[in-house]
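Take a look at the structure below.
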Amino acid sequence: MACIFAVVAVSLVPGSAAARPSGPAAFCEAFPEAPACEGGAPSCDTCHTTPPAVNALGRQLEDALGPERHTWDDSTFSTRLEEALREIESLDADGDGVDNGAEIAAGTIPSDASSHPIAAACLDGEDRGAWSYDTCDYDPRYVLRKMQLDVCGTLPTPLEFADISESADPRADIHELLDECLETPNWRGKDGVVWNMANTRIRPDAATKAGDNAGDVPLGDYEDDYNLFVYTQIDGADARDVLTADYFVERDDAQTTYAPYQRTAYEDFELRGGEAAQFVARNRRAGMLTTRWFLVNFVMFTAIPRTAAAQAYRSYLGYDIAKMEGLIEVPAEPADYDAKGVAEPACATCHATLDPLTYPFSRYDGLGGGDRDDADVIPGSYNPYRLESFVVADGPGVLDIPENGVLLGQEVSDLREWGEVAANSDEFARSTVLAYWQHFLGEPPRPDEAGEFETLWRRFSRQHGYSIDAMLHDLVMTEAYGVP
Amino acid sequence: MSLRFSSITFVVLLVACKDAPASPAPEEPAASSKPRVRAKNGRRFAQQLSAGLELSEDELCSELGLFDCVEEAHLVVMGGVDAAGLGVAVPLPVAPVTAPIAYDRVALSACFERVDRDFESPGDAAIFGALTESDVSQEAREGVVSELYLRLLHREATDFERETLCEFFTDTIVPHTPDSQEAHQQWAGLSCFAVATSVESLFY
Amino acid sequence: MSKPMFKQDRSRPRTLSRRNMLRATAAAAVAPTLWLEGEHSSHAAESADDPRFLIVFAADGGASIIDSALAIRASESANAATLNTFEDSLVHTVRDSPFRAVDLDRNDLGSISVPVQTQQSEFIRNHHRDMMVATWTRTSVNHAIGQRRSVTGNEAWAGRSLQELAALTYGEQVPIPNVHLGGAGGFGARGTDESLPSWCFGETVSEPALWPLSLDGMRGLSRDLPRDLVSEARALRNDVLDPSSDFAKVFGESRRLQHWQSLRGEPQQRLESSGLLEKLLVFGHSEDYPIESYGLATNPESTRLREVFPNLDNDPFETQAAMAYLMLEHRVATTVTLGPSSDFIARGDLDIDFYGDSEMPADDAAQFAAGDIINPPLAFDFSHQAHRSTQAFMWDRVYKAADGLIRLLKAREFRNGESFWDRTMIVIASDFGRSKKRPEGAREFGTAHDLNNGMVVLSPMVAGNRVLGGVDPDTAMTYGFDPLSGEPRPGRTMTEPEIFAGLLQALGVDTTEAGLPDMPSMRRIRA
C-alpha cells in the first residue's frame, strides 16, 4: 500500500526533486480503468515483494524492459514502463490460466496464483435465502459472525443468528451490536485487540519495563504508551491525539476505562519514582513520540536519533524508509551534521529524507550519550543543550543540527509541529485505517477494493473527526467485509 | 448493494448462463469470488472450547501437567502474541507446520476431559450423559452429534454430518473396541475432536 | 527449572505439499494452481543426499571484530589513547594463527556491579584451523535492517537469505529445513522471494523445551489415546466432514485453508511417524519437567548435552544450542538460527545495582561471583553503555556456545568417517560494528553503531586459519581483500553481497544464476 503514499507525496511537494517511485503512476497510465487505480494508485506489491525485489509480474516487466533500464532517467523509465506493461498483458505471470491483463482488469492479483477471477453463480432474481452464506450480496449473518468474533471475541449463538436473519433491519442490528462490542474488554482492555495493535509501535520489552511487573533493568513503563494509544482509539476519541496529546492516560482494569491526567514531571516522579516517571514537560509533548519509553528505546544514546524518526514514520504514516517508501528528497540534505558519512551517494538516497525528518527529535534525550555521565541525564526528557555533549564523539557539526525539520515536504519547527503535521496528513488517516482493515479482513485491500478503502479513510478524516468507532461502523458495511 | 463482481468476472462467468432460463438458486451456496478467511488464534479457540464444553480455560489442556497449552506451551504456534516477553509482536502471518498438531492436542485433551467428567458423573453430565446408559440408541448418538455442533459451531448439524459421525461409531469404533461403554467414550471424544478441529471451527 | 521457558522470536511457516481438499462446487472457470511449489531441480535433489549444514549465530547488537579476532595493541597504534585499542598484555596472539584474542577480567559489566572474567584465547587455540575472519563494511546502522542485511547480503539474491538458500539446496528431504530458535530478530526475517518453496522459509521455535510436544498429536498427553482411532477421526474430519461443510464449499479456495489442509497431510504424517518428539527433548525428566510421568522417555543424549552445556537450565542460549545440535543430528533441519537474546539474565536472586557506579571498589567485588551474569541487557548493544566489558563478555559467550556445538558435531559421525562438523558452517552474524573512538585513555566507554566491521566464520569448508583483509591500527578501521587471492587490499572494503556470495559458495550453494561475484578466497581448497 505504501507506494500510494509516495505518489501522493509527489503532488504535495511543489518544485521538489522527483519523489519515487514512478511505477504506480505508469501503471495507471497503462490501465486507467483498473480497479487498483480507483484508490489513486496501485500498491507496490503489484510488482514487488519488498522493493526493489520483484515478484512474478515484476520479473516479466524486467524482461520486457531489458537490462538498459538501469540507465534511464525517471521520465524515460515511466514511458518505457507503460509500454512494457501493455506488452505483458497477454502473459500469465502466476500461471493460473488467466492472463495478466484480465487479472488487472478484474482486480485480482496477477502475481498470485491463488487470486484469480472465480465464476460466481449470481444471477438477478434468485432467492438465496436458503444459502448459509450469500456470496452474491452483503450478508448480515456473515457479518454478525465475523464482527462479533473480531470485536467481542465471541461466537454468536444460534438464536442471535436467527434473529438477524429475521430482522427487519439487520444493518441497524449490526450497528447496535458493534457499539456493544466496542465496550468489551476483548476490544479495549489490557492485552485486547486495540492494545495489541500498538505492539509494533511501542515494541515493549519485559526486561526493561518499569512500574508494575518491573523487569531486571527498568528503563520506563510502556503501559503509559499502551494506555495512551488505546485511549485515542476508543469512545469516539480523536485518533490524532496519538501524535499530539499533551497528557497521559490511566487505566482502570475493573471497568476497562481510560482517563487522561496531567502531572508535572516532579509530581510524577514523586508519585511513581524515577524509573517510571514521565519527564517531558507538557509544552514539549507530542503524544506517543515523546513518551519516556519511546525516547529511551529509540533515541537511546544518539545525537541524531534516526531510528526514532524512522520508527515514527513507519508506525504512524505507514512509510518504511528501509523499503524505500516515503522518500521525499529535501534540497541540500543530508547535511551529515554528525559525520556519519550519510552524504555518500548510496546512503543519501534515504538519508536525504530521513535526516531532516529526524532533526526535531534531536532535542530529546533517551538514556544519555555523548560525553556525559549517564547518571546525570534525565531519561526521556526535553533537553535543548544535549547536543553540546556530542561534540567529542560526533564532531563540532552537531552544534549546527537544527531543531526544525521537514516532514512530507513541509517545514516543521519542532517535534510538536511534526506531530501536528503528521496527524493531519492523508498518510496518517490512511495508515490508521489500514491497520484496522488488516485486523478485520486479515490482509491489505485487494486491488478491486482500493476504491472502497479510499472512501473509508477519507470519511474517517473528513467526516468522522478521526473517530475510530465511527470508521468501524463504515467498515463493517463495506462490500469487502460484508460479502462472503 | 451492487453485486460484487467486475465486468471481466461477469465475462468469465459461464457465458452460457446468460442464455439459460432463470431458475431457483441451488440449495448450496455458490463459492465465494474472493475467498478470504481468518484463523481463530489459540485464545479464541480456547474460549470457544471452554464455553462449548463447559470447562474453564485452564482445564482444557496443559503440557506435562504444568504448562498451559494455549497460553504457554504453544502460544506462538497457535497464533498468539507476546510482544514484551517473547518478542512476538504480531501473529505469525502463515501457520507453521506444527500448528495443526497443536490445535489437535488442545482439542483432544479438552474433549476427553469432558468425556471423563460426564462418564464419571452421569447425573451432572453436560453433553455425553445419554451415552452413559447401558443401552445407547442410535437416536441418542444422533442427539450427541447435534449437541456437539450446536455447542461448538453454533449451528444445527446436517443430516449428512449426523449420519457420518454415527457411522464412525458403528463402522470404526465398535470393531476396534468391543466394550460398549469404552467404545462410546472413545467415540464421544473423537467426535468432539473432529467437530472442534474442523476448518469451520478453526477459521471464520 | 522455572516456567515458561525462554524468549524466542518470530516464526515462519512451511508447507511440504499442496493438497486441495476443498474444491468449491461452483468451480472456477480456470484451473487454479493454488499453492505453487518452487521447481525442484535435480541439483537440489542430489544436494539433499549430500547436505551441508548452516548454523547462524544472531550476535544481536553489534559484535565488534576489533574487540576479538582483530584486536589492536596500544603499542601498534599512533592514536592508541583515543581509539579502541587495548593494553598490550590483554591481547593474545594464538600460536600458528593470525587471530587475536582478548582475555579480560573486570570488576563490573558497565554499570552493573558484577565481576566478569572472559577468555577468548582458549577458543582460538582449539578452533583456529577452522576459523576465518573476513572484513566488510555494512550499509545500515539500524538494528533490524543491519541484521537482515547480514544474512541477505543486502538483498543480493532476490531477497533470499542464507538460511533459505541453504534450505533450498539441502533441505528437501528433511521435515523442517529452516528453523529459527529465537533471538533471531532481523537475522530470521523472512526473505522476500515468494517464489521459493514454502518449506524454505524459517519455522520459529519459541519454546525449545516444550516445542517438541507439538510434533505429535497424542504423545505426552495425560491420557493414552489409540493412535489408529485418532488417525481415523482425522481422516474423517479432513476427507469427509470438512469438504461437505458449507463453510468449506464457500471459502475452500482461500489460501489459508489450502495451506492448512496441506499441513494436515504429508507434513503432519512425516513429523509424527519420525518419532521426533523424544529425540528433540533437550531436558531429561525432573520435577519441573516430568516427561516420564507422561509416557515420554528421557533423551539418552540429555546427559551429554548437559556436560557440554552446563548452564542448560538457566541459559536460553545454551538450550537453543543443544536443540540446534539435536535438529541437525536427527536430520530434522538443515539450517538453524539461534542467538543470545536482549534479555538481562542473571543466575539466582541477585540484587543487581544497575544505577550504581561504573567502577566497583575491589573489596565489594567479592559479594558476587564471576558467572553470575549470564546475559547483559541488550546483548552486544549494551556497548552503548559499556563497550569494553560488554564486547569481551559477549564474544566469550558466543565462542563458548560455538565451542559446545563444534565438539558435539565433531563427535558425531555423518557417514564414512566424516563427522557432522566436516559439513557444517557457523556464521557469527551481527548487525554492524561499533564506533572506534574512545575518550582519551578511558578503560570503559560507550560506543555507537558503525558500518565498519568484520565477521567470524567457523567451518572446515572455509579458508581456515586465515584473516581476509586487515585492520589499520592508526584508525581502527578494517580494510578488504582481493576476492580471488585473499591478499589484503588496504584501499578497498568488502560489500555485503560479496561476503554473502563467499559464504554461499563455501557452503556449496550454486550462485551462478544470481550473478553474484566469485569469492574463491573464502572457501577452502580441498585436495
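Proteins get letters first, then strands, A, B, ... in listed order; numbering begins at 1 in each.
By the 4.5 Å heavy-atom criterion applied to side chains, B/H74 and C/W211 are not counted as neighbours. Residues C/P290 and B/L66 meet the side-chain proximity criterion, which asks for heavy atoms closer than 4.5 Å. With a 4.5 Å cut-off on side-chain heavy atoms, B/D104 and C/R264 count as touching. Using a 4.5 Å cut-off on side-chain heavy atoms (C-beta onward), B/V199 and C/Q261 make contact.
When the side chain to side chain contact (heavy atoms under 4.5 Å, CB included) test is applied to C/D381, the partners found at least two apart in sequence or on another chain are A/M300, C/H143, C/L378, C/H384, C/R434, C/H449. When the side-chain hydrogen bond (donor to acceptor under 3.5 Å, both in side chains) test is applied to B/S201, the partners found at least two apart in sequence or on another chain are B/Q48.
Note that CZ of C/F251 and NZ of B/K34 are 8.0 Å apart. Values are rounded to the nearest 0.5 Å. For the atom pair C/L241 CG and B/T164 OG1, the distance stands at 5.5 Å (nearest 0.5 Å). Separating the CZ atom in B/F193 from the CG atom in C/L229 is a distance of 11.5 Å, to the nearest 0.5 Å. If you take OG on B/S33 and CD on C/E253, they are separated by 11.0 Å, rounding to the nearest 0.5 Å. Note: C/M218 CE to B/L108 CG = 7.0 Å, rounded to the nearest 0.5 Å.
In this structure, a donor-acceptor pair under 3.5 Å is present between the side chains of C/R237 and B/T197.
If you measure heavy-atom distances from B/F160 to chain C, the contacts under 4.5 Å come from the side chain alone. Neither the backbone nor the side chain of B/A107 comes within less than 4.5 Å of any heavy atom of chain C. For B/F203, the parts sitting under 4.5 Å from any heavy atom of chain C are the backbone and the side chain alike. Interface residue B/Y103: only side-chain heavy atoms are found under 4.5 Å from chain C. Heavy atoms of C/L236 lying under 4.5 Å from chain B belong exclusively to its side chain. No part of C/E292 comes within reach of chain B, as not one of its non-hydrogen atoms sits under 4.5 angstrom from that chain.
Heavy-atom pairs under 4.5 Å with chain B peak, among C/L225, C/V230, C/L296, at C/L225. Of the listed residues B/C69, B/A102, B/A73, the one with more heavy-atom pairs under 4.5 angstrom with chain C than any other is B/A73. The candidate from B/S191, B/S62, B/G65 with the greatest count of non-hydrogen atom pairs under 4.5 Å with chain C is B/G65. Interface remark: of the candidates B/T158, B/V106, B/D116, B/D116 forms the most heavy-atom pairs closer than 4.5 Å to chain C.
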Between C/R223 and B/E113, is the side chain to side chain contact (heavy atoms under 4.5 Å, CB included) condition met? List the steps. CA-CA 9 Å; C/R223 53 179 57 77; B/E113 180 66 26; 3.6 Å; yes
Decide side chain to side chain contact (heavy atoms under 4.5 Å, CB included) for C/W260 and B/L202; before the verdict, give the C-alpha distance in whole Å, the side-chain angles of both, and the deciding distance to 0.1 Å. CA-CA 10 Å; C/W260 189 259; B/L202 300 181; 3.6 Å; yes
Would C/L221 and B/F112 satisfy side chain to side chain contact (heavy atoms under 4.5 Å, CB included), going step by step from the backbone distance to the final call? CA-CA 11 Å; C/L221 288 178; B/F112 277 94; over 6 Å; no
Given the rule in the side chain to side chain contact (heavy atoms under 4.5 Å, CB included) test, do C/L263 and B/T98 qualify, once you have shown the distances and angles that lead to the verdict? CA-CA 8 Å; C/L263 292 182; B/T98 54; over 6 Å; no
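When all heavy atoms are compared, the tightest approach of B/P35 to C/S254 is O-CB, 3.5 Å. Here the shortest heavy-atom pairing between C/A233 and B/A194 reads O-CB, 4.3 Å. Looking at every heavy atom in both residues, C/P267 comes nearest to B/V97 through CB-CG2, 3.7 Å.
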Side-chain polar contacts of residues 75-89 of chain B - donor-acceptor pairs under 3.5 angstrom, sequence neighbours left out - could you list them?
residue	atom	partner	partner atom	Å
B/D82	OD1	B/G85	N	3.0
B/D82	OD2	B/L86	N	3.3

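Interface with chain C: from residues 172-190 of chain B, residues B/T172, B/I173, B/H176, B/T177, B/Q186, B/L190 qualify, criterion being any non-hydrogen pair under 4.5 Å.
Of the possible donor and acceptor atoms, none in the side chain of B/R36 sits under 3.5 Å from a partner among the backbone N and O of C/R256. A side-chain donor-acceptor contact under 3.5 Å links B/R105 to the backbone of C/L213. Of the possible polar contacts, none joining the C/Y294 side chain to the B/E63 backbone as a donor-acceptor pair under 3.5 Å is found. A donor-acceptor pair under 3.5 Å links the side-chain atoms of C/H259 to the main chain of B/A95, judged by distance alone. Listed for the B/E200 side chain is no donor-acceptor partner under 3.5 Å among the backbone atoms of C/D242.
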